[in-house]
Visitor: 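Dumping the structure here so I can ask a few things about it.
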Amino acid sequence: MIRLHDTMTRQKVELRPRRPGEVSMYVCGPTVYDEPHLGHARTALTYDLLRRFLEWEGLRVVMVSNITDIDDKIIARAAEEGRSEADLAEEQAAFYIEQMDRLNILPPTERPRATEYVQPMIDVISDLLDRGAAYGVEGRGVYFDVARLPGYGRLAGRNLAQLLEDAGSRVSVDEAKHSPLDFALWKAARPGEPRWDTPWGEGRPGWHTECVAMSMSLLGEDFDIHGGGDDLRFPHHQNEWAQVEATGRKFARLWVHSAMLNVSGEKMSKSLGNFTTLAEALDIYDPRAMRLLVAQTHYRATMEMGPEALTSATEAVKRLDAVVRRARAEGADLDTTERDESAVETFRAAMEEDLGTPGGVEVIFSLVRAANTAFDRGDIGTGGVKVATMVELAGVLGLELGEQPPGAEAYGDDAEIQALVDARTAARQAGNYAEADRIRDDLAARGVAMEDTRGGTVWHRI
RNA sequence: GGCGCCGUGGCCGAGUGGUUAGGCAGUGGCCUGCAAAGCCAUGUACACCGGUUCGAAUCCGGUCGGCGCCUCCA
């Protein structure tokens, strides 16, 4: 039984897909007006972890993750840079996807762009207007009328009255709106801005409507999971919910939110300007280290992703790679279908309980120790099963092991290095340790490390 | 102000009412020609004060401290 924490009901609930065997999931993606930062990685990795786990459990996952390519910030940035919104958005979207690939994040089943779903958005808004749940304001746009939705605020853990009480002080009161809580479904075009024609005038879609149109168009009513970063809980997701609720349709069955990232104790965000770009970090650290670090922390807990944490995760990944190399050197059969079933079940149990990736990681490391212990005593068969199991479970977390860190380079090709390694072995066997050590130092200087195992000497680039 | 989260050993970070989380780093030992990799051992951790309990880091109350949301944001 897979359980997940549902933000709407604030409790862990069993995942019961609307269609047995298939999980439909919508995850809010980025607004592409700037480069992605570490926070985007945490969110994207979280849902990739969930998706991979569900698939490993034998479920078919239909995952939709959008790219918001029209928005106030994109318009502003494009104007600053003196180019078109489409040009900027396309460039940033491509860059975002490139970083996701580096993180080994599986491409979503569908990756819709907001501008491709303007008609569905218009349909949503028309429907809301017809039902009297929205109203137009001349020259401004169309607003959603939240006042009559009793459940509004639930995702934020609040009610309408509480929200209204704060609204006056926190949100600048807009006389044009019926209520300060009302939000824009459609924004009337201003000079020079991208625009689409509609029955109520030219303009562009409001953010909250975009995700409704895309999710409902691609997944249909009553889809299983709606996810995103915790900062989207309110108002974004609440406003999405409001629109669907007002039309009497069924929306997401379950709401999942992944926690934020802190940088030295403070939330990292674009508005605070304290963010590290993802590309920058991935140039320095093994992307697998970032993935492991994310998996070591529960997705609903705020985490710190500083240099220290990334460095320690990098070392941890090396340990995983090392045992795979050792297994090969020892001549273990890693293609075996035999598994440490007990470990697999412990892993599954941890993961089934609200995506308990930290517990899963624990299982992986306990297998590493068990494998090394087995190899130490010469039990290659047992060691091989442990490693094969470990590799599979790490794979569920999206960690491909036994690989050399990206960017690792050494002077010379494999054959040349192997020749030197062989020469060192010969020198050692001849008792010429000075020569052996000289070769070792030489290779080390070229970025090649060696490990002597009973199966022989193996080397790898660092 | 309202709502909510958190405070775990050098760092990161899990967790169940009573048995070692795990990772990184450190120290000692084993292994090694020496290393590397690895294994073993090692840290009397749970903000503070009360309470419930046979027993609480884990439940309740309070105190202090930190953070988030309430406004664009993954």
Side-chain angles (χ1 to χ4, degrees), chain A residues 10 27-31 33-34 36-47 71-73 76 153 155-159 161-163 165-167 169-172 207 227-236 238 257-262 265-272 275 278 292-293 295-298 300-306 308-323 325-326 329 350 356-366 368-369 371-377 428 431-434 436-437 440-441 444 449-453 457-460:
Chain A
R10 301 187 164 213
V27 179
C28 281
T31 296
Y33 69 97
D34 201 356
H37 54 65
L38 294 182
H40 289 100
R42 202 290 241 215
T43 301
L45 283 167
T46 296
Y47 292 99
D71 160 274
D72 289 356
K73 288 189 174 178
L155 269 179
R158 324 192 56 211
N159 60 44
Q162 291 174 310
L163 287 168
E165 198 175 314
D166 295 347
S169 58
R170 302 287 309 193
V171 183
S172 59
W207 181 36
D230 192 53
D231 51 350
L232 300 186
R233 198 158 44 87
F234 189 92
H236 185 52
Q238 186 65 72
H257 290 95
S258 54
M260 300 289 96
L261 214 56
N262 274 181
E266 250 193 337
K267 177 189 171 185
M268 178 174 80
S269 74
K270 290 178 180 176
S271 53
L272 286 175
F275 67 93
L278 178 54
L292 178 63
L293 184 59
Q296 279 176 317
T297 311
H298 186 81
R300 286 191 290 114
T302 305
M303 71 177 284
E304 183 80 29
M305 195 187 277
E308 275 192 317
L310 284 166
T311 299
S312 109
T314 301
E315 293 306 311
V317 168
K318 285 183 186 171
R319 181 164 152 79
L320 301 180
D321 280 339
V323 76
R325 275 199 307 274
R326 180 177 186 183
T357 53
V361 171
E362 184 181 337
V363 171
I364 287 169
F365 279 97
S366 76
V368 170
R369 193 174 315 103
N372 277 313
T373 301
F375 289 138
D376 279 352
R377 65 166 186 268
R428 288 178 69 212
N432 187 354
Y433 296 121
D437 290 350
R440 185 170 65 197
D441 291 346
M450 277 171 289
E451 285 141 19
D452 296 331
T453 77
T457 298
V458 291
W459 63 270
H460 65 102

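Note on naming: letters A, B, ... go to the chains in the order of the sequence lines (proteins, then strands), and numbering restarts at 1 for each one. Only heavy atoms go into these numbers, but all of them, side chains included; no hydrogens, no water, no symmetry mates.
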Visitor: Stems involving RNA chain B: give each as a range paired with a range, ordered by first number, where a stem means at least three consecutive Watson-Crick or G-U wobble pairs under 3.5 Å.
Guide: B:1-7 with B:64-70, B:10-12 with B:22-24, B:26-30 with B:38-42, B:47-51 with B:59-63
Visitor: Met260(A) CE to C70(B) P: how many Å, rounded?
Guide: 11 Å
Visitor: Are Arg369(A) and U20(B) close enough that a side-chain N or O sits under 4.0 Å from OP1 or OP2?
Guide: no
Visitor: Tell me, please, which residues at least two apart from Glu308(A) pass side-chain hydrogen bond (donor to acceptor under 3.5 Å, both in side chains).
Guide: none
Visitor: So, using side chain to side chain contact (heavy atoms under 4.5 Å, CB included) as the criterion, who are the partners of Asp231(A) when residues are at least two apart?
Guide: Met260(A), Lys267(A)
Visitor: Do Arg325(A) and His460(A) pass the side chain to side chain donor-acceptor pair (under 3.5 Å) test, and can you show the C-alpha distance, the side-chain angles, and the key distance before you say yes or no?
Guide: CA-CA 9 Å; Arg325(A) 275 199 307 274; His460(A) 65 102; 3.1 Å; yes
Visitor: Report the distance from atom CD of Gln238(A) to atom P of C72(B), rounded to the nearest whole Å.
Guide: 13 Å
Visitor: Nearest whole angstrom, please: distance from the P of A74(B) to the CG of Asp34(A).
Guide: 10 Å
Visitor: Are Asp452(A) and Thr457(A) linked by a side-chain donor-acceptor pair shorter than 3.5 Å?
Guide: yes
Visitor: For atom P, what is the distance between G17(B) and C59(B), given to the nearest Å?
Guide: 8 Å
Visitor: Could you list, one pair per line, each protein nitrogen or oxygen that sits under 3.5 Å from a nitrogen or oxygen of nucleotides 25-31 of chain B, together with the distance?
Guide:
none

Visitor: Looking at Asp230(A) and G68(B), is any side-chain donor or acceptor paired with a base atom of the opposite kind under 3.5 Å?
Guide: no
Visitor: Looking at CG of Leu38(A) and CE of Met305(A), how far apart are the two atoms once the value is rounded to the nearest 0.5 Å?
Guide: 5.5 Å
Visitor: With rounding to the nearest 0.5 Å, note down the distance linking CZ in Arg369(A) to CD1 in Ile364(A).
Guide: 13.0 Å
Visitor: Could you tell me how far apart Trp459(A) (CH2) and A37(B) (P) are, to the nearest whole angstrom?
Guide: 18 Å
Visitor: Side chain of Arg319(A), heavy atoms from C-beta onward: which of C34(B), C70(B), C39(B) has the nearest atom to it?
Guide: C39(B)
Visitor: C60(B) and C24(B): how far apart are their P atoms, nearest whole angstrom?
Guide: 35 Å
Visitor: Considering only the P atoms, how many Å lie between A37(B) and G4(B), rounded to the nearest integer?
Guide: 49 Å
Visitor: Got a second to check how far Leu278(A)'s CG is from Arg42(A)'s CZ, nearest 0.5 Å?
Guide: 14.0 Å
Visitor: Using whole Å, report how far CG of Asn372(A) lies from P of G38(B).
Guide: 6 Å
Visitor: By side chain to side chain contact (heavy atoms under 4.5 Å, CB included), which residues pair with Ala371(A), not counting sequence neighbours?
Guide: Val323(A), Phe375(A), Lys386(A), Val387(A)
Visitor: Over all strands shown, is Ala449(A) touching base, sugar-phosphate only, or nothing at heavy-atom distances under 4.0 angstrom?
Guide: nothing
Visitor: Counting primed atoms plus P, OP1 and OP2 as sugar-phosphate and everything else as base, spell out the protein contacts along nucleotides 2-15 of chain B at 4.0 Å heavy-atom distance: B, S or - for each nucleotide, 5' to 3'.
Guide: SSS------SSSS-
Visitor: Which residue, Ala313(A) or Arg326(A), contacts RNA chain B at a nucleotide closer to its 5' end, judged by nearest heavy atom?
Guide: Ala313(A)
Visitor: Mind checking ring-ring contact (aromatic ring centres under 6.0 Å, His included) for His298(A) and listing every partner two or more places apart, or none if nothing turns up?
Guide: none
Visitor: Where the side chain of Asp231(A) is defined as all heavy atoms beyond and including C-beta, which of C24(B), C70(B), A74(B) is the nearest nucleotide?
Guide: A74(B)
Visitor: Does the side-chain ring of Tyr433(A) sit on the six-membered ring of the G33(B) base, less than 5.5 Å centre to centre and under 30° in tilt?
Guide: yes
Visitor: U20(B) and A41(B): how far apart are their C1' atoms, nearest whole angstrom?
Guide: 13 Å
Visitor: Measure distances between side-chain N and O atoms of Asp452(A) and base N and O atoms of A35(B), and say whether any donor-acceptor pair falls under 3.5 Å.
Guide: yes
Visitor: Determine the contact category for Gly39(A): base if any of its heavy atoms lies under 4.0 Å from a base atom, sugar-phosphate if only primed atoms, P, OP1 or OP2 are that close, otherwise nothing.
Guide: base
Visitor: Would you mind reading off the distance between Glu451(A) atom CD and A37(B) atom C1', rounded to a whole angstrom?
Guide: 5 Å
Visitor: Using the side-chain hydrogen bond (donor to acceptor under 3.5 Å, both in side chains) criterion, which residues pair with Asn372(A)? Sequence neighbours excluded.
Guide: Arg326(A)
Visitor: Whole Å only: how far is the NE2 atom of His37(A) from the C1' atom of C72(B)?
Guide: 12 Å
Visitor: Between Arg233(A) and Ala436(A), which residue's closest nucleotide on RNA chain B lies nearer the 5′ terminus?
Guide: Ala436(A)
Visitor: Could you pull out all residues at least two apart from Thr311(A) that satisfy side chain to side chain contact (heavy atoms under 4.5 Å, CB included)?
Guide: Tyr285(A)
Visitor: Between C34(B) and A45(B), how many Å separate the two P atoms, rounded to a whole number?
Guide: 36 Å
Visitor: P atom, C64(B) versus C48(B): distance in rounded Å?
Guide: 16 Å
Visitor: Please list, chain by chain and in numerical order, all residues satisfying salt bridge (Lys or Arg N to Asp or Glu O under 4.0 Å) with Asp230(A), sequence neighbours excluded.
Guide: Arg233(A)
Visitor: Quick one: list whatever passes salt bridge (Lys or Arg N to Asp or Glu O under 4.0 Å) with Arg440(A), sequence neighbours left out.
Guide: Asp437(A)
Visitor: Taking CG from Leu261(A) and P from C67(B), how many angstroms apart are they, rounded to a whole number?
Guide: 16 Å
Visitor: Considering residues at least two apart in sequence or located in another chain, which fulfil the side chain to side chain contact (heavy atoms under 4.5 Å, CB included) criterion with Ala316(A)?
Guide: Leu292(A), Phe365(A)
Visitor: Just checking Asp437(A): base, sugar-phosphate only, or nothing, at a heavy-atom cut-off of under 4.0 Å?
Guide: base
Visitor: Say you pick atom P in G13(B) and the same atom in G68(B); how far apart are they, in whole Å?
Guide: 15 Å
Visitor: A36(B) base to Arg440(A) side chain: any donor-acceptor pair below 3.5 Å?
Guide: no
Visitor: On a whole-Å scale, what distance lies between the C1' atoms belonging to A21(B) and G43(B)?
Guide: 15 Å
Visitor: Between G33(B) and Arg428(A), counting only base atoms on the nucleotide and side-chain atoms on the residue, is there a donor-acceptor pair under 3.5 Å?
Guide: yes
